[in-house]
Structure formats: structure tokens, C-alpha cells
Protein chains: 2
Amino acid sequence: MITTRDIAERLGVSVSTVGRALADDPRISEETKFRVRQAASDMGYVGNRAARMMRGASSNVVALVIPDIRNSFYSTIAHELSKNMESEGFQLMLSETDDDRTAELRHLRELSANRVAAVIIVPSARPHSESVKLLRALPHVQLLRRHPSLGSQWFGVDDEEALRRATAHLVAQGHTRISYLGGPEELPTGAARLRGFRSALREGGLPDDAGRAELGPPSSVDHGRETVRRLLSGPDVPTALVLGSIQLTLGVLEELSRQGVKVPQELSVVGFGDEPGFSWWGPGLTTVGLPIQEMATGCALWMIRRLKTEPGNDGPYTAVSPGSLILRGSTASPDGGSSPGSA
Amino acid sequence: MITTRDIAERLGVSVSTVGRALADDPRISEETKFRVRQAASDMGYVGNRAARMMRGASSNVVALVIPDIRNSFYSTIAHELSKNMESEGFQLMLSETDDDRTAELRHLRELSANRVAAVIIVPSARPHSESVKLLRALPHVQLLRRHPSLGSQWFGVDDEEALRRATAHLVAQGHTRISYLGGPEELPTGAARLRGFRSALREGGLPDDAGRAELGPPSSVDHGRETVRRLLSGPDVPTALVLGSIQLTLGVLEELSRQGVKVPQELSVVGFGDEPGFSWWGPGLTTVGLPIQEMATGCALWMIRRLKTEPGNDGPYTAVSPGSLILRGSTASPDGGSSPGSA
DNA sequence: CGGCTCTGTGCTAACGTTAGCACTACTGGT
DNA sequence: ACCAGTAGTGCTAACGTTAGCACAGAGCCG
């Protein structure tokens with residue numbers, strides 16, 4: 001690797017002069033600057049950020065810690081962050097945890113060792129205490145999920161309200177056997193969505209056994225497929241399904257279409273998230289739309305401001321985005337009548 | 001930030017002793033090691049990789065440079081690389097170029113300054129010459145697309161053969177007005193897919209005007225939607241469509257289902273890639289399946305070996321994965337008869 | 001013409017870590 | 001009692017860059 005010293009020796013000047021010329025220091029003559037820049041370009045010199053960091057310069061790397069980049073929520077977030085960060089000179093480091101707190105800890109250790117400027121994290125269900133310690137030593141912000149022992153900087157969506165609306169839509173159509181398929185209750189999002197489901201039932205004046213919750217692993221296509229198979233072949237088949245994650249929705253839709261279940265005649269479905277295929281699935285999937293992109297942009301801008309302004313304004317900051325129900329054709333009243341959009 | 005010096009002062013030993021204790025040097029007594037580790041843990045010490053790198057240690061960051069993480073091809077690649085790299089102690093840096101060579105160059109400059117250990121890149125159509133220079137100074141490997149002026153380390157798929165098969169399937173069913181929708185010819189992949197399309201027509205003994213190519217931006221859902229709209233409303237409506245990118249396929253499917261086009265009776269379609277929704281779209285989408293995951297894993301393992309083994313075995317290395325045609329219900333002979341799978 | 005400012009450059013230390021060498025205090029053999 | 005060997009630790013330099021200070025030479029004023 002070419003260093004400032006190599007350039008200095010070649011031109012017969014000192015390293016300081018080279019450094020200053022490259023930094024466009026006003027004390028250096030234009031002629032010297034020109035010669036230095038020429039040589040630097042010739043020799044393929046690229047400044048060493050590691051060395052700069054040792055002199056107190058801060059890292060230009062922001063880390064994103066998420067469960068799985070293949071989930072479109074997270075790839076949307078990654079894209080939005082990357083785009084915004086890049087324009088401010090930051091690079092994005094990607095760490096996948098697969099919802100495993102040990103992997104999460106491993107990543108956070110590496111990120112700390114690499115002295116990243118900040119961490120944007122979708123925390124696992126119950127982060128290891130060392131993870132919490134490492135995060136607290138860095139500028140960080142939580143995304144989607146919110147763990148109380150981490151800071152109160154958080155960008156998320158109103159999961160409870162989103163599921164309340166989704167469920168209320170079914171209740172309004174007269175369903176009395178509704179199954180909710182969602183992630184584990186340990187996850188803040190899982191708990192919130194379940195609360196939303198339950199309160200919609202309560203508010204609809206339904207009996208306790210009107211709603212069943214089928215909780216499974218956080219983000220599993222398989223869990224969706226299998227649960228559908230089990231529910232449809234068991235006794236007391238529900239007349240409606242509300243879903244609580246994107247991956248789950250993908251699995252459910254696939255299985256329903258494989259089994260040829262008539263939607264919404266035999267079964268009503270409300271999905272979660274909005275993927276390209278959801279609009280052309282069966283009669284069109286009625287689903288919970290979430291402004292993930294806007295949330296990610298908001299988070300990126302907040303973090304940039306946080307990093308650019310010197311005083312560490314670590315004050316609590318929370319942004320909650322609302323969800324909305326996208327009405328298509330996958331819900332109807334349980335007696336077979338069709339009334340999509342009658343929320 | 002806590003340094004080895006802080007620990008040394010607290011324990012009344014030298015920095016060297018602390019460093020050696022943490023490195024588990026056999027010359028240090030067990031008792032000292034214990035005390036040092038205790039103190040390090042107490043004080044929340046995290047080694048500074050920037051400083052280590054200055055002493056010749058290599059970076060543990062591998063960069064992935066791709067057009068857009070939201071494209072499922074790339075998110076699959078990112079996931080697979082991340083998973084494999086993480087288990088070997090590497091972190092993944094994510095850079096999105098949006099197929100813009102200037103953005104590509106900006107990223108490569110940053111990556112070089114950050115002294116990443118290696119770069120895995122899906123190069124843009126015509127990389128800037130400085131980009132080539134920067135890449136050549138680093139261990140790197142190309143993915144999917146292959147630019148001749150970069151090294152000959154490349155992992156990709158046989159695009160030409162994949163499109164030849166897709167097109168041949170339609171030709172065999174008797175189609176004589178086939179449109180190909182794909183990315184620009186400047187892209188190595190775009191050119192290869194177009195070649196495949198054309199040679200299938202030639203081999204099928206079709207006249208020159210049997211196939212039309214509609215080329216557009218590399219990876220655009222909109223281009224898919226718009227081209228379908230234009231083709232269907234114009235004269236000489238094709239009886240079959242072959243698609244040459246995932247995003248294009250998403251746009252086309254959306255538009256076809258919005259317009260209520262009867263597939264395969266009115267129009268046959270062969271897609272590109274295989275997304276969850278493709279199996280439940282209309283009659284099921286016949287599509288080109290590509291072993292992206294296997295390719296990414298292969299690439300990750302190759303790069304790991306390249307980085308772990310000292311001698312820079314930069315010898316040419318090329319791996320080509322084959323594609324396969326996944327037969328579902330979206331193709332039939334143009335006279336209205338249905339014969340999916342009669343390739 | 002001595003002392004001043006101004007311009008352009010060099011020297012040196014420092015950042016945190018590690019490796020080579022040096023040093024001290026034992027142990028055991030003769 | 002003396003020397004060799006060894007275990008345990010400290011000192012110092014080096015990595016590439018930058019900032020503070022020093023310094024040489026030129027031009028200018030009194």
C-alpha cells in the first residue's frame with residue numbers, strides 16, 4: 001500500500017507537506033499541492049482511515065443489525081438507510097442475527113472492535129447483558145422492536161393498533177372463530193400485535209374462545225405453512241385468519257393456494273405487510289400496510305443529525321408510524337356473503 | 001474508550017503485559033492473565049482493530065457491492081455471504097450502486113480507504129477506470145456480471161443457456177410472435193440473455209421478425225409494467241413473452257393481472273427467477289430458476305479460502321451455474337390449446 | 001541595516017497495539 | 001558460591017496520519 005511517506009520520498013518533501021497538500025491546507029503553495037496530488041494519483045494513493053481514526057477521527061461506518069436481510073421489511077430498511085447514509089459519507093455494515101442473541105452478541109463485539117460510528121438495531125427477544133453494555137457505549141437506535149434496557153431512541157410502527165384494525169375488520173364482518181398467527185410473545189412486536197388482536201375481540205364483544213393465537217418462531221415461512229395445514233385439518237376450523245408477520249403471510253398464502261381453499265368464501269384472510277405478489281394472490285389480499293420505508297428514512301435522518309452535531313443529544317426520542325388496512329378481496333362475512341371493504 | 005493503557009495503570013503493570021495477557025501469551029503467568037482479563041471485562045475494554053491494522057493485522061471486513069438490496073437475487077446473495085463470512089470471523093459491508101458507475105466509484109474509494117479485506121462485486125455496465133484500478137489493488141471477485149477488465153475470478157450463471165431454454169420452450173409450443181423483455185445490452189448479463197433468446201429463435205428455424213427485444217433499464221419494475229401496456233395496446237400483439245430479470249417479471253405479472261389478461265390462453269409467459277408469489281400467480285408462472293443461493297455460497301467459500309491461505313493464489317477462477325426451467329401453467333400453444341410442460 | 005511579519009516547509013509527538021529485545025529474580029546443577 | 005537456564009515482566013520502536021511548534025528565507029518598515 002502506498003503511504004504519504006512514499007509520495008514524500010518521491011517528491012523530496014516531508015510527510016507533513018504531503019499530508020497538508022492532500023488536506024488542501026492554505027499554507028501549502030499551489031505548486032506543491034499540484035505536484036503532490038499528481039503523484040498521489042499516479043501512485044494510486046488511498047488514505048488510510050484506520051490511521052486517521054487513531055488520531056481521533058471518527059469512523060464513517062454505521063452498522064445495521066437485523067434478523068434476516070431476505071425479509072423484505074429488512075431489505076427495504078437496509079436500502080433506505082444505505083441510500084441516506086451514503087449521501088452523507090457513511091458506509092453501512094450489515095450484520096444478520098437470525099434472531100439469535102448469541103449471534104447478536106458476536107456481531108456487537110465485532111462492531112465495537114471495529115469502532116463503528118453508530119448501530120441501528122432490531123434487537124433480539126432478550127439481548128444478552130453484554131450486548132446491552134456494548135450498545136450503551138455507542139450511539140444507537142432501535143428499529144421496529146424496542147427493548148426497555150436499551151436507550152429510548154426508537155423508530156417503530158404501532159403494531160398494536162395495526163392488528164387491532166385488522167382484527168376489527170373481521171369482527172365487523174361477523175366472524176366468531178378467528179385465528180391469529182404470529183411471532184412469539186417475548187418479542188415486543190409479537191406481544192403488541194397479540195394485544196391488538198385480543199383487544200379488537202374484546203371491543204367487538206366476542207366470547208373468550210372466539211380468538212385463538214397460534215404463536216411460533218419470529219419469522220418463519222414454514223410455521224405459516226404448517227399452521228394452516230394443522231388448522232384446516234383439525235376440528236373447529238376458523239372462519240378467518242389474521243397474520244402477524246410477512247414471512248408467515250408468505251407461507252400461509254402458499255399453502256392456501258396449494259390446497260385450493262376458496263378465499264373469501266371458505267376462509268377470510270388478513271395478511272401482514274405488502275409484497276408485490278399480495279395484490280395478485282387469489283382475490284387480492286387484504287393486508288396491513290406499514291410505512292417501513294418512511295420509518296427507515298426518518299431513522300436515517302435522525303441518526304445522521306445525531307452523528308453530525310457535536311453535542312451528544314442522547315435525549316429520548318421515539319417515532320411511531322401508524323399502519324393502515326389495505327382492502328382487497330380476501331375477506332367476507334363468514335356465511336359466504338361477500339362484503340370486502342365493509343369495515 | 002478504554003485502552004490497554006488504562007488497564008495497565010489500574011493494575012500497576014505495563015501495557016505489554018496487558019496486551020500479552022489478553023492475547024493469551026504463554027509467557028504470562030496465569031495469575032496475571034486472570035487479573036488482566038478480570039479488569040478488562042470490568043472496565044468494558046474492547047480491542048481497537050484500527051490500531052491492530054496499523055501493526056499489519058488485516059481487516060476482517062469484506063465488502064459486497066451490488067445494485068440494490070431490495071432485489072431478491074441480491075438479498076439472497078447478501079444473506080448467504082453474511083452467514084458464511086460471519087462464521088469465519090468476517091463482517092460484511094454493504095454498498096449499493098443503483099447501477100450507477102459514479103456511485104460505484106464513490107463506494108470503492110470509501111472501501112479502499114477503510115482497507116476492506118476483499119470486495120465481492122456485481123459490477124456496473126461500464127465501470128469507471130479508477131474503479132478498475134481500485135479493485136485490482138484488492139482481492140476481489142465478480143458476481144453474476146463479468147467485466148473483462150477486472151480479474152477473471154467470477155461466479156455466475158449461464159444466462160445465455162437459461163434464456164435459450166426458456167425461449168425454446170415457447171418455440172416448441174409453436175409461438176411465432178415472441179417478445180423478450182430484458183435489461184440493456186451493455187450489461188454482460190443483458191447481452192448473454194439476449195443472445196440466448198436469439199439463438200433459440202434461430203435454432204427453431206423462425207423468421208427474423210418472430211422475436212422482438214424490448215430492452216430497458218437494468219432492473220425496473222416500471223419498465224415491465226409499461227412495456228406490457230405498450231405491447232398489448234399496439235399492433236402485432238405477441239403471443240408469448242420471455243422475461244430477462246426478476247424486477248421486470250414482477251412488473252409484468254402485476255400489469256397482466258391488473259388487465260385481466262388470460263394466461264396462457266391469450267398470452268404465454270416465461271418469467272425470470274423464482275419468487276414466493278410466482279407459484280400462485282394466475283395459473284402458476286413457468287419461469288427460469290437460478291441457483292443463486294448455491295452460487296453465493298460457493299463464492300463465499302472460495303473467498304474465505306482465498307483470504308485464509310497466505311499465498312495470493314490469484315489464478316483465474318470461474319464458476320458457472322446452470323439455470324433450469326420450472327414448468328407451471330403460464331405457457332401453452334398459441335392456438336389456444338393448453339400443453340404446459342411439452343418442451 | 002536591524003527587527004518585523006509572512007509564506008512555506010520540516011520536525012516531533014501522539015493515537016493504541018504488538019513484537020523484538022532487555023532485564024530481573026529465581027531455580028537447579030556443579 | 002557461581003553460572004546457565006528459565007519464567008515473568010518492562011522498554012522501545014513501529015505502523016500511517018495529523019497538529020503543534022519551530023524555523024528558514026523573503027519582503028518591508030523605520
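Chain naming here is simple, since letters A, B, ... match the order of the sequence lines and numbering starts at 1 in each.
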| task | Apply ring pair (Phe, Tyr, Trp, His ring centres under 6.0 Å) to the pair B/Tyr317 and B/Trp302, showing each step before the final yes or no. | result | CA-CA 9 Å; B/Tyr317 188 92; B/Trp302 182 85; 5.7 Å; yes
| query | When we call it a touch if two heavy atoms are under 4.0 Å apart, what does B/Arg52 touch: a base, just sugar-phosphate, or nothing? | reply | sugar-phosphate
| field | Phosphate OP1/OP2 of C/dT9: any A/Ser29 side-chain N/O under 4.0 Å | value | yes
| task | Send over the distance from B/Arg49 CZ to C/dT17 P, rounded to a whole Å. | result | 12 Å
| request: Take atom CZ of B/Arg55 and atom C1' of D/dT17, then tell me their distance rounded to the nearest Å. | output: 16 Å
| message | I'd like to know if A/Arg20 reaches the base of D/dG20 with its side chain such that a donor and an acceptor end up less than 3.5 angstrom apart. | response | yes
| request: Let me see the working for B/Gln142 and B/His147 under side chain to side chain donor-acceptor pair (under 3.5 Å), right down to the final yes or no. | output: CA-CA 8 Å; B/Gln142 298 179 75; B/His147 195 270; 5.7 Å; no
| field | Rounded distance (Å) that lies between atom C1' of D/dT17 and atom CE of A/Met53 | value | 13 Å
| said: Check this for me, if you would: do A/Lys83 and A/Glu80 make a salt bridge, where the nitrogen-to-carboxylate-oxygen distance has to be below 4.0 angstrom? | reply: yes
| query | So which nucleotide from C/dT9, D/dC15, C/dT17 ends up closest to the side chain of B/Ala51? | reply | C/dT17
| said: Applying a 4.0 Å non-hydrogen cut-off, can you work out what A/Ser16 is touching in the nucleic acid: base, sugar-phosphate, or nothing? | reply: base
| Could a donor-acceptor pair under 3.5 angstrom be found where the side chain of B/Arg27 meets the base of D/dA7? | no
| message | Looking at the base of D/dC11, is there any donor atom on it, or on the side chain of B/Ser14, that sits under 3.5 Å from an acceptor on the other one? | response | no
